[in-house]
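Just so you know, these numbers use all the heavy atoms, side chains as well, and skip hydrogens, waters and symmetry mates. Residue indices begin at 1 and follow the sequence shown.
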Amino acid sequence: MTPHTPRTPVRVLLADDHTLVRRGVRLILDGEDDLTVVAEAGDGAEAVELARACDVDLAVLDIAMPRTTGLQAARELSRRLPDLRILILTMYDNEQYFFEALKAGASGYVLKSVADRDLVEACRAAVRDRPFVYPGAERALVRSYLDRLHRGDSLPERAVTEREEEILKLVAEGHTSKEIGEMLFISAKTVERHRANLLQKLGMRDRLELTRYAIRAGLIEP
């Protein structure tokens, strides 16, 4: 990655499936001398492709996007591009998503509702390798974490594996087992096996219940 000096703006990749949101966020970031958006993606898979193809310093990822979520993209980018800094930009004021974002490799979690106030500061913190948590959540998150430590509890565990999460998202989006198999380079029979495991693990009966779960989990938007 290109080293940046005070005269070299931080190169930002922005991923969100809503064009208007991307436009608004881009206006915020491009209005700063030390930040510039050099690539835009409409989903997590495209974000991973662009990050690998372009010379970027920072990826700003929405959570709920088609094909691949921001959290899934963050995990992939953390594995493939360990020097890339990652921020999650989301509408979800949710402790579980915050911890998942940290585990996925993100160094910050910014609410869209206050992006005009917090996003620039979060970007600057990320490229300096400093964590950023939106101010209203800091006290509650620290208190929750300390309570868990005192009780001897672990941090929240993932309900499903990364592969199951990929399949759950695509099932909820209405893709057939054959289509999912082609997207993930696995057989339709393997997809069906994962789907059956998901139903059993989550105590659900059909696609409708899986879709409702995917919405609650932030994998797709309602």
Side-chain angles (χ1 to χ4, degrees), residues 15-18 41-52 59 61-82 84 86-106 109 141 144-145 147-149 151-222:
D16 194 295
D17 57 316
H18 293 98
D43 60 59
E46 186 183 5
V48 172
E49 292 170 6
L50 285 173
R52 297 182 68 192
L61 310 173
D62 182 28
I63 282 187
M65 293 188 289
R67 289 207 295 166
T68 303
T69 70
L71 292 178
Q72 291 170 335
R75 294 183 198 114
E76 181 77 6
L77 289 171
S78 294
R79 284 193 290 261
R80 294 178 178 273
L81 300 170
L84 179 68
I86 299 169
L87 282 180
I88 295 296
L89 179 64
T90 177
M91 64 166 55
Y92 300 107
D93 186 355
N94 182 293
E95 176 192 333
Q96 177 71 44
Y97 293 147
F98 169 76
F99 284 122
E100 287 292 344
L102 293 186
K103 286 194 285 185
Y109 190 91
L141 289 168
S144 173
Y145 180 74
D147 285 346
R148 284 198 180 93
L149 287 180
R151 292 195 305 265
D153 296 343
S154 60
L155 290 177
E157 292 298 323
R158 292 171 58 81
V160 298
T161 66
E162 287 185 26
R163 175 59 93 187
E164 287 171 342
E165 185 181 87
E166 288 178 318
I167 290 171
L168 170 60
K169 175 178 173 58
L170 293 170
V171 166
E173 288 178 343
H175 297 287
T176 66
S177 295
K178 183 175 183 295
E179 290 170 341
I180 295 171
E182 290 171 353
M183 291 179 195
L184 300 180
F185 305 103
I186 57 179
S187 70
K189 186 175 290 187
T190 299
V191 174
E192 289 293 339
R193 188 169 68 248
H194 279 299
R195 182 172 169 171
N197 288 342
L198 277 166
L199 289 169
Q200 182 178 17
K201 180 184 287 189
L202 298 174
M204 295 176 181
R205 294 169 297 179
D206 53 29
R207 178 196 291 264
L208 179 60
E209 290 189 343
L210 286 176
T211 301
R212 287 171 178 158
Y213 178 88
I215 291 170
R216 291 197 305 273
L219 295 174
I220 63 172
E221 292 183 343

- prompt: If only atom types and distance count, is the side chain of E46 paired as donor or acceptor with the main-chain N or O of G42 below 3.5 Å?
  reply: yes

query: Looking only at heavy atoms, which two atoms of R207 and V171 are closest? And how far apart?
result: NH1-O, 2.5 Å

task: Please assess E162 against E165 for the test side chain to side chain contact (heavy atoms under 4.5 Å, CB included), listing each intermediate value before the final yes or no.
output: CA-CA 5 Å; E162 287 185 26; E165 185 181 87; 5.5 Å; no

message: I need the L71 CG to K103 NZ distance, nearest 0.5 Å.
response: 10.5 Å

query: Taking it one step at a time, do Q72 and K169 satisfy side chain to side chain contact (heavy atoms under 4.5 Å, CB included)?
result: CA-CA 11 Å; Q72 291 170 335; K169 175 178 173 58; 4.0 Å; yes

task: Answer yes or no: does atom CZ of R79 have more than 12 heavy-atom neighbours from other residues, nucleotides or ligands under 6.0 Å?
output: yes

- line: Here the gap from M183 atom CE to K178 atom NZ, rounded to the nearest 0.5 Å, amounts to 11.0 Å

- request: Could you walk me through whether E76 and T68 pass side chain to side chain contact (heavy atoms under 4.5 Å, CB included), step by step?
  value: CA-CA 10 Å; E76 181 77 6; T68 303; over 6 Å; no

field: Where A51 and L84 come nearest, the two heavy atoms and their spacing
entry: CB-CD2, 4.2 Å

Value rounded to 0.5 Å, distance of CG in L89 from CG in L61: 9.0 Å

Nearest-0.5 Å distance that lies between atom OG1 in T161 and atom NE2 in H194: 6.5 Å

- line: I88 and A101 have their tightest heavy-atom pair at CG1-CB, 3.8 Å

message: Less than 4.5 Å apart, side chain to side chain, heavy atoms only: is that true for M204 and L198?
response: no

- line: For R163 and I186 the tightest heavy-atom approach is NH2-CG2, 4.1 Å

field: Passing candidate, side chain to side chain contact (heavy atoms under 4.5 Å, CB included) with H175, options I167, V191, I180
entry: I180

task: For I220 and Y92, work out which heavy atoms get closest and say how close.
output: O-OH, 4.4 Å

field: Separation between CZ of R195 and CD of E192, rounded to the nearest 0.5 Å
entry: 6.0 Å

task: Calculate, to the nearest 0.5 Å, the distance between atoms CG and CG belonging to D43 and D16 respectively.
output: 11.0 Å

- prompt: For T190 and L184, what are the C-alpha separation, side-chain angles and deciding distance, and is it a side chain to side chain contact (heavy atoms under 4.5 Å, CB included)?
  reply: CA-CA 10 Å; T190 299; L184 300 180; over 6 Å; no

task: Please report the closest heavy-atom contact between A59 and L77, naming both atoms and the distance.
output: CB-CD1, 4.3 Å

- prompt: Ignoring hydrogens and geometry, is there a side-chain-to-backbone donor-acceptor pair from S78 to A104 under 3.5 Å?
  reply: yes

field: E209 backbone acceptor or donor facing D206 side chain under 3.5 Å
entry: yes

